[in-house]
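Here the structure comes first, spelled out in structure tokens, and everything after it is commentary.
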Amino acid sequence: MLQWPVMLDIRLIRERTEEVKARLGARGLNIDWDLLLKLDQERRDLLNAVEELRAQRRTASDQIAKLKRDKKPAEPLVEEMKSVGDRIAALEDELRSCEADLNNIALSIPNLPHESVPIGVDASANVEVRRWGKPPAFSFPAKPHWELGEALGILDFERAARMTGARFAVYAGAGARLERALLNFMLDLHTTEHGYKEVLPPYIVNRASMTGTGQLPKFEDDLFRLADDDLMLIPTAEVPLTNLHREETVSEAALPLRYTAFSPCFRREAGSYGKDTRGLIRQHQFNKVELVTFSFPETSYEELEVLARHAESVLQRLHLHYRVVTLCTGDMGFAAAKTYDLEVWLPAQGVFREISSCSNFEAFQTRRAGIRYKGRDGKSAFLHTLNGSALAIGRTFVAILENYQQADGTVIIPEVLRPYMAGMERITKET
RNA sequence: GGAGAGGUGGCCGAGUGGCCGAAGGCGCGGCAUUGGAAAUGCCGUAUACGGGAAACUGUAUCGUGGGUUCAAAUCCCACCCUCUCCGCCA
């Protein structure tokens with residue numbers, strides 16, 4: 001499944017160890033670099049030895065074939081090769097276990113942050129890049145979306161908890177319709193105006209796909225797994241979209257490739273007990289429209305700006321106040337080299353909340369997933385991948401309820417969504 | 001789920017133990033022929049990793065992983081996928 005080299009370019013680690021360690025900074029916490037380098041050396045030595053013996057065996061085998069054709073005795077050579085075969089098998093075993101150990105470490109090394117990423121340990125070191133719009137002015141205390149939603153009869157957390165468990169929600173009536181309006185609006189925008197190809201992928205994928213995008217092996221605890229099949233529910237459409245081209249060499253003429261997909265996302269949210277327990281903010285299942293770009297390495301940072309703008313345009317058309325922040329080294333995801341978060345204004349809490357995350361993964365995922373292109377010079381190279389939510393639909397739903405709420409508890413529907421809501425202008429309590 | 005057939009290079013397709021990284025064809029590239037083209041002819045045409053300044057060279061790869069053997073596309077085992085029929089089902 002995995003071919004060599006995977007993960008961070010092992011050659012880069014080998015040749016510029018100190019620089020890699022420094023750039024990884026706080027991210028590279030528990031990596032045994034000495035063991036990694038030792039295993040790398042061991043692997044190359046073993047490989048050399050095995051290849052030499054195999055070459056020897058092949059020559060001898062050809063001789064044996066000739067001897068037998070000429071009806072001459074071949075026994076001594078055959079005997080000799082028996083022991084060579086045993087040595088090859090032994091070395092191959094060693095090589096296999098060496099590579100497994102090496103992979104274990106290497107697959108757990110996070111991506112190198114881009115040089116433009118601010119250094120810091122947590123979200124407090126993130127840097128605001130820009131703001132758009134302004135918060136709504138209310139002459140009344142803003143209510144949280146769960147109160148609005150339950151009062152309007154469009155959100156039902158109680159029944160969801162009974163049928164499934166905590167962190168699930170039932171959308172009903174105009175609520176269900178609003179969720180569907182949002183996803184259709186977003187997909188239409190990205191396919192018709194931004195040039196993305198719409199994809200409707202499987203929501204269940206295998207281990208290789210999860211490893212390709214970086215969810216595995218480190219984050220298995222955050223995934224829902226099917227008991228009998230070693231398949232997992234996707235935590236984001238990034239996984240199937242990026243894995244569309246796993247183990248492929250894509251044609252240069254097709255680049256950049258832009259895909260969008262709607263999908264539900266499933267996350268166990270291990271370790272987040274007690275956080276965001278009320279409302280839609282943190283659910284085990286939520287809907288999202290995702291954007292994925294496969295880019296030439298040279299232009300991937302321009303593509304990151306483009307991608308972020310595409311995600312922002314959804315918020316702009318919904319007239320939702322937001323800001324863009326650059327995540328610092330300590331707040332970025334495992335696979336990302338640089339990430340912009342889009343944070344939408346939530347008046348009830350008086351805070352900006354993440355509603356989209358747009359990242360450049362450089363060659364981190366393509367190296368794991370074996371996604372290349374072939375240039376005009378005939379050489380193949382790993383592509384860069386990028387992805388971003390555009391947007392997380394549940395959180396957009398939250399933002400609309402809270403920002404468009406009226407004094408009487410009704411919610412105005414943003415104009416761009418009305419065609420998707422059969423012309424409905426306002427959500428009122430259903431009778 | 002049961003029974004059967006099959007998975008070989010960009011594509012089609014031959015190949016049941018060695019001279020097979022793989023015939024032949026198509027496609028593609030170059031050259032010749034032509035005023036130009038078609039047709040024709042000749043030559044070339046997989047990928048990855050390592051060595052070498054390069055020419056070149058070593059190893060691996062015939063769905064995947066194991067095994068047998070001095071030697072595996074070829075034999076054995078397991079798994080995956082595709083197709084046909086049956087069952088079930090939206």
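Model, not experiment: these values are computed from the prediction.
An OP1 or OP2 oxygen of B/A71 is reached within less than 4.0 angstrom by a side-chain nitrogen or oxygen of A/R57. Look at A/R96 and you'll find a side-chain N or O under 4.0 angstrom from OP1 or OP2 of B/G66. One finds no side-chain N or O of A/S380 lying less than 4.0 angstrom from the OP1 or OP2 phosphate oxygen of B/U47.
Residue A/I371 contributes atom CD1, which lies 17 Å from atom C1' of B/A48 at whole-angstrom precision. Taking atom CG of A/D70 as the reference point, atom P of B/C19 lies 15 Å away to the nearest angstrom. Distance CG (A/D45) to C1' (B/G51): 15 Å, rounded to an integer number of Å. Between the NZ atom of A/K66 and the P atom of B/C20 there is a distance of 12 Å, given to the nearest Å. If you take CZ of A/R54 and C1' of B/C70, they are 16 Å apart, rounded to a whole angstrom. Between A/D230 atom CG and B/C80 atom P the separation is 12 Å, expressed in whole Å. Whole-Å rounding puts the A/R367 CZ to B/A48 C1' distance at 15 Å.
Spacing between B/U74 and B/U61 at atom C1', rounded to whole Å, works out to 16 Å. The separation of B/A23 from B/A46, taken at their P atoms, amounts to 11 Å, rounded to a whole angstrom. Distance check on atom P: B/G15 versus B/G63 gives 15 Å, rounded to whole Å. For B/C80 and B/A71, the C1' atoms lie 28 Å apart once the distance is rounded to whole Å. Taking atom P on both nucleotides, B/C12 is separated from B/G17 by 26 Å, rounded to a whole Å. Nucleotides B/A14 and B/C86 are separated by 28 Å at their P atoms, to the nearest Å. Between B/G13 and B/G7, the two P atoms lie 10 Å apart (nearest whole Å). Spacing of P atoms, B/U59 relative to B/G21, comes out at 10 Å, to the nearest Å.
The residue A/A55 sits close only to the backbone: its heavy atoms come under 4.0 Å of sugar-phosphate atoms, none of a base. Among the heavy atoms of the strands lying under 4.0 Å from A/I64 is at least one base atom, whether or not backbone atoms are also near. Nucleic acid contact for A/K68: base, since at least one base atom lies under 4.0 Å from a heavy atom of the residue.
Across B/A48, B/G50, B/U59, the shortest atom-to-atom separation from the side chain of A/R11 is found for B/G50. Side-chain proximity of A/R69 to the nucleotides B/G18, B/A60, B/C70 is greatest for B/G18. Comparing B/G50, B/G18, B/U59 by their closest approach to the side chain of A/N48 singles out B/G50.
Counting non-hydrogen atoms of neighbouring residues, nucleotides and ligands closer than 6.0 angstrom, the CZ atom of A/R159 reaches no more than 12 such neighbours.
Between the side chains of A/K338 and A/S116, at least one donor N or O sits under 3.5 Å from an acceptor N or O.
Judged by closest nucleotide on RNA chain B, A/Q56 is the one of A/G85 and A/Q56 placed further toward the 5' end. Both A/E52 and A/A65 lie near RNA chain B, and the one whose nearest nucleotide falls closer to the 5' end is A/A65.
Identified under the ring-ring contact (aromatic ring centres under 6.0 Å, His included) test for residues 200-224 of chain A, with sequence neighbours left out: A/F219-A/F334, A/F224-A/H284.
The minimum heavy-atom distance between A/A181 and A/L417, with the atom names listed, is O-CD2, 4.1 Å.
Between A/K288 and A/E290, at least one side-chain nitrogen of the basic residue sits less than 4.0 Å from a carboxylate oxygen of the acidic one, meeting the salt-bridge criterion.
The only member of A/E238, A/K197, A/H245 that meets side-chain hydrogen bond (donor to acceptor under 3.5 Å, both in side chains) when paired with A/Y259 is A/H245.
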